[in-house]
K.L.:
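Sending over a structure as structure tokens; questions will come in a sec.
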Protein chains: 2
Amino acid sequence: MSKKKGDKKAKSGKKKELEGLSATDLAPAITQAARSMRTALSRSLGESGLYAGQDGVILILAEEDGMTPGQLAIRLGVKAPTMTRTIGRMEAQGFLERRADGTDGRLTKVHLTEAGLRTVEQIGRSVSECGSIAAKGLSDKEIRTLLKLLKTIEQNLQSEPSDDRG
Amino acid sequence: MSKKKGDKKAKSGKKKELEGLSATDLAPAITQAARSMRTALSRSLGESGLYAGQDGVILILAEEDGMTPGQLAIRLGVKAPTMTRTIGRMEAQGFLERRADGTDGRLTKVHLTEAGLRTVEQIGRSVSECGSIAAKGLSDKEIRTLLKLLKTIEQNLQSEPSDDRG
DNA sequence: CGCACCGAATTAAATTGTTTATTTAAAGTT
DNA sequence: AACTTTAAATAAACAATTTAATTCGGTGCG
């Protein structure tokens, strides 16, 4: 870092060199885009009786049944307590069920129920459709670029856990 | 019924023509990226005593004081009840205050307090810093591309509020 | 003037998400 | 074998977000 200029505050300048300004807009931009996506997905998912955030659990379980809450949390990029509660809700809703692991008493295995299995296709459709709507007008290349950039910034953010130095 | 090609599973194919597959990955990708961003921003904002979601309110108010909750909601892309609640918390925290509009009894004007004003700079720094961290390694052009794509998908999603026609 | 309608704000209820702390079981150490 | 440490799941507390329903002031019509 610091190999170039423009790393300073530049608080006094309201010029046109908005190099830093772009980065400033990044957080709001992605926040709002994600909010729109979540809302759209939520609406589409509602037909299956699911909430945004639950779809990923079912989709992953459909690929590999019997994962533990911790594994699911990692796969979905959320914290373990979030997964625990989401699983609890979904279990109450009848989409999945917990089973104790016979070998390791600490582990909980999560399995799709029949009802859960029945939602898989519809969820896939919702997620896919939402993505298509969002990507309307974008070329295939642009979509891939977007995905790549998204992954990059995610990795950047996660590799910098706590940088509270001034 | 109007859908046609690309609706297949194609789960077995790992080829390069993943046109539909890209769009399918869009929702999860942006969701997780936004989650990372939110977490990072939340951590940085914590020093100011704020939570992610509150920053925008202060920043907008710093530009134009006395906006109504509804206006703030639109500007920030959230629904009115969200804004009401956030404003309530922030008022309790002492960052802003509500004042009734003398002319129109239905309106509430939101004003920054001195404490709120004092946080403006720090918030701007946090948001900017977060964006910079997220954008590390990306060229200026890439960042602008990302911003443009983000805006596009946001508009796409919002112009299609509830079109579940088949 | 009274009643219907609209619009802004709020309340209510549901969920995801985070951090911090607690329980419980496995593993490691002495 | 008893104690300590670690790991997984969970519980509790706090915040954001949404939709649906409610309150309340303004406006319009009869």
Side-chain angles (χ1 to χ4, degrees), chain A residues 31-32 34-57 67-74 76-93 95 98-110 157-158 161-162, chain B residues 28 31-46 49-57 67-74 76-93 95 98-110 157-158 161-162:
Chain A
T31 298
Q32 278 185 245
R35 209 144 39 197
S36 301
M37 181 68 87
R38 180 194 181 83
T39 299
L41 191 55
S42 183
R43 198 165 312 183
S44 181
L45 246 27
E47 302 166 10
S48 316
L50 288 160
Y51 295 83
Q54 301 184 334
D55 54 321
V57 179
M67 294 189 80
T68 68
Q71 290 173 325
L72 286 166
I74 292 175
L76 290 169
V78 303
K79 298 299 188 297
T82 303
M83 195 43 60
T84 290
R85 206 181 30 186
T86 295
I87 289 172
R89 298 253 181 228
M90 293 178 73
E91 187 172 31
Q93 289 171 304
F95 293 117
R98 290 173 164 102
R99 292 185 208 150
D101 180 274
T103 314
D104 192 332
R106 295 169 301 182
L107 297 182
T108 298
K109 299 292 193 67
V110 185
L157 287 168
Q158 284 176 349
S162 74
Chain B
T31 299
Q32 277 184 244
R35 229 173 349 227
S36 301
M37 181 69 86
R38 180 195 180 81
T39 299
L41 190 56
S42 183
R43 200 164 312 185
S44 180
L45 244 28
L50 288 159
Y51 296 84
Q54 300 184 335
D55 53 322
V57 179
M67 294 188 82
T68 69
Q71 290 172 325
L72 285 166
I74 291 174
L76 290 169
V78 303
K79 298 299 186 296
T82 304
M83 196 41 61
T84 292
R85 189 175 271 256
T86 296
I87 288 172
R89 297 215 191 263
M90 293 177 72
E91 187 172 31
Q93 290 171 302
F95 294 117
R98 289 172 165 100
R99 292 185 208 150
D101 182 275
T103 315
D104 193 332
R106 297 169 301 183
L107 299 182
T108 299
K109 299 292 193 66
V110 185
L157 287 168
Q158 283 177 349
S162 71

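Just so we're on the same page: letters track the sequence lines, and every chain starts at 1. These numbers were taken from a predicted model, which means no experiment stands behind them.
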K.L.:
Applying salt bridge (charged side-chain N to carboxylate O under 4.0 Å, His left out), name anything that partners B/R99, two or more places apart in sequence or on another chain.
P.N.:
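B/R99 satisfies salt bridge (charged side-chain N to carboxylate O under 4.0 Å, His left out) with B/E97 once adjacent residues are dropped.
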K.L.:
For residues A/A34 and B/A34, report the shortest heavy-atom separation together with the two atoms involved.
P.N.:
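Answer, listing the atom of A/A34 first, then B/A34: CB-CB, 3.1 Å.
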K.L.:
Pairs under 3.5 angstrom only: tabulate donor-acceptor contacts from the side chains of residues 49-57 of chain A to other protein residues two or more places apart or in another chain.
P.N.:
{"residue": "A/Q54", "atom": "OE1", "partner": "A/Y51", "partner atom": "N", "Å": "3.1"}
{"residue": "A/Q54", "atom": "NE2", "partner": "A/Q93", "partner atom": "OE1", "Å": "3.2"}
{"residue": "A/D55", "atom": "OD1", "partner": "A/G53", "partner atom": "N", "Å": "3.1"}

K.L.:
By nearest nucleotide on DNA chain D, pick out whichever of A/R85 and A/R38 is the more 5' one.
P.N.:
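So the residue in question is A/R85.
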K.L.:
B/T108: which residues meet the side-chain contact (heavy atoms from CB on, under 4.5 Å) condition with it, sequence neighbours left out?
P.N.:
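Applying side-chain contact (heavy atoms from CB on, under 4.5 Å) to B/T108 gives B/P69, B/R98.
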K.L.:
Looking at CE of B/M83 and CE of B/M90, how far apart are the two atoms once the value is rounded to the nearest 0.5 Å?
P.N.:
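Those atoms lie 9.0 Å apart.
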K.L.:
Tell me every residue that passes side-chain hydrogen bond (donor to acceptor under 3.5 Å, both in side chains) with B/S44, counting only those two or more places apart in sequence or in another chain.
P.N.:
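B/S44 satisfies side-chain hydrogen bond (donor to acceptor under 3.5 Å, both in side chains) with B/S126 once adjacent residues are dropped.
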K.L.:
Contact class for A/T82 (heavy atom, under 4.0 Å): base, sugar-phosphate, or nothing?
P.N.:
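Base contact.
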K.L.:
Any heavy-atom pair between the side chains of B/M37 and A/L157 that's under 4.5 Å?
P.N.:
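A side-chain contact under 4.5 Å exists here.
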K.L.:
With heavy atoms of chain B within less than 4.0 Å as the criterion, where does contact along DNA chain D begin and end?
P.N.:
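Under 4.0 Å from chain B, the extent on DNA chain D is D/dC14 to D/dG26.
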K.L.:
Can you name the residues that form a side-chain contact (heavy atoms from CB on, under 4.5 Å) with A/D101, not counting sequence neighbours?
P.N.:
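Counting only residues at least two positions away or on another chain, A/D101 forms a side-chain contact (heavy atoms from CB on, under 4.5 Å) with A/T103, A/D104, A/L107, A/K109.
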K.L.:
Kindly write out the residues that satisfy side-chain hydrogen bond (donor to acceptor under 3.5 Å, both in side chains) with B/T86, not counting sequence neighbours, or none if the list is empty.
P.N.:
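For B/T86 there are no side-chain hydrogen bond (donor to acceptor under 3.5 Å, both in side chains) partners, ignoring immediate neighbours.
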K.L.:
Between A/T68 and B/V78, who's closer to the 5' end of DNA chain D by nearest nucleotide?
P.N.:
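First, find each residue's nearest nucleotide; the 5'-ward one identifies A/T68.
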K.L.:
Take the C1' atoms of the five end pairs on each side of the helix from C/dC1-D/dG30 to C/dT30-D/dA1, derive the two axes, and give their angle rounded to 10 degrees.
P.N.:
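Inter-axis angle at the termini of the helix from C/dC1-D/dG30 to C/dT30-D/dA1: 10°.
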K.L.:
Just call it for B/P81: base, sugar-phosphate, or nothing, with non-hydrogen atoms closer than 4.0 Å on any strand.
P.N.:
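B/P81: base contact, heavy atoms under 4.0 Å.
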K.L.:
Tell me, please, the opening and closing nucleotides of DNA chain C, 5' to 3', among those with an atom under 4.0 angstrom from a non-hydrogen atom of chain B.
P.N.:
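That gives a stretch of C/dG7 to C/dT19.
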K.L.:
What distance do B/T82 atom OG1 and B/L72 atom CG have between them, rounded to the nearest 0.5 Å?
P.N.:
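That separation rounds to 12.5 Å.
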K.L.:
Under the side-chain hydrogen bond (donor to acceptor under 3.5 Å, both in side chains) rule, collect the residues that match up with B/S36, sequence neighbours excluded.
P.N.:
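For B/S36 the side-chain hydrogen bond (donor to acceptor under 3.5 Å, both in side chains) partners, ignoring immediate neighbours, are A/Q158.
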K.L.:
From B/R35 CZ over to B/T31 OG1, what is the distance, rounded to the nearest 0.5 angstrom?
P.N.:
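Between B/R35 CZ and B/T31 OG1, I get 6.5 Å after rounding to 0.5 Å.
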K.L.:
Could you name each residue pair satisfying salt bridge (charged side-chain N to carboxylate O under 4.0 Å, His left out) that touches residues 76-90 of chain B, not counting sequence neighbours?
P.N.:
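The answer is none; no pair qualifies.
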K.L.:
Could you list by number each residue of residues 102-109 of chain A showing a heavy-atom separation from DNA chain C of less than 4.0 Å, or answer none if no residue does?
P.N.:
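By residue number: A/T103, A/D104, A/G105, A/R106.
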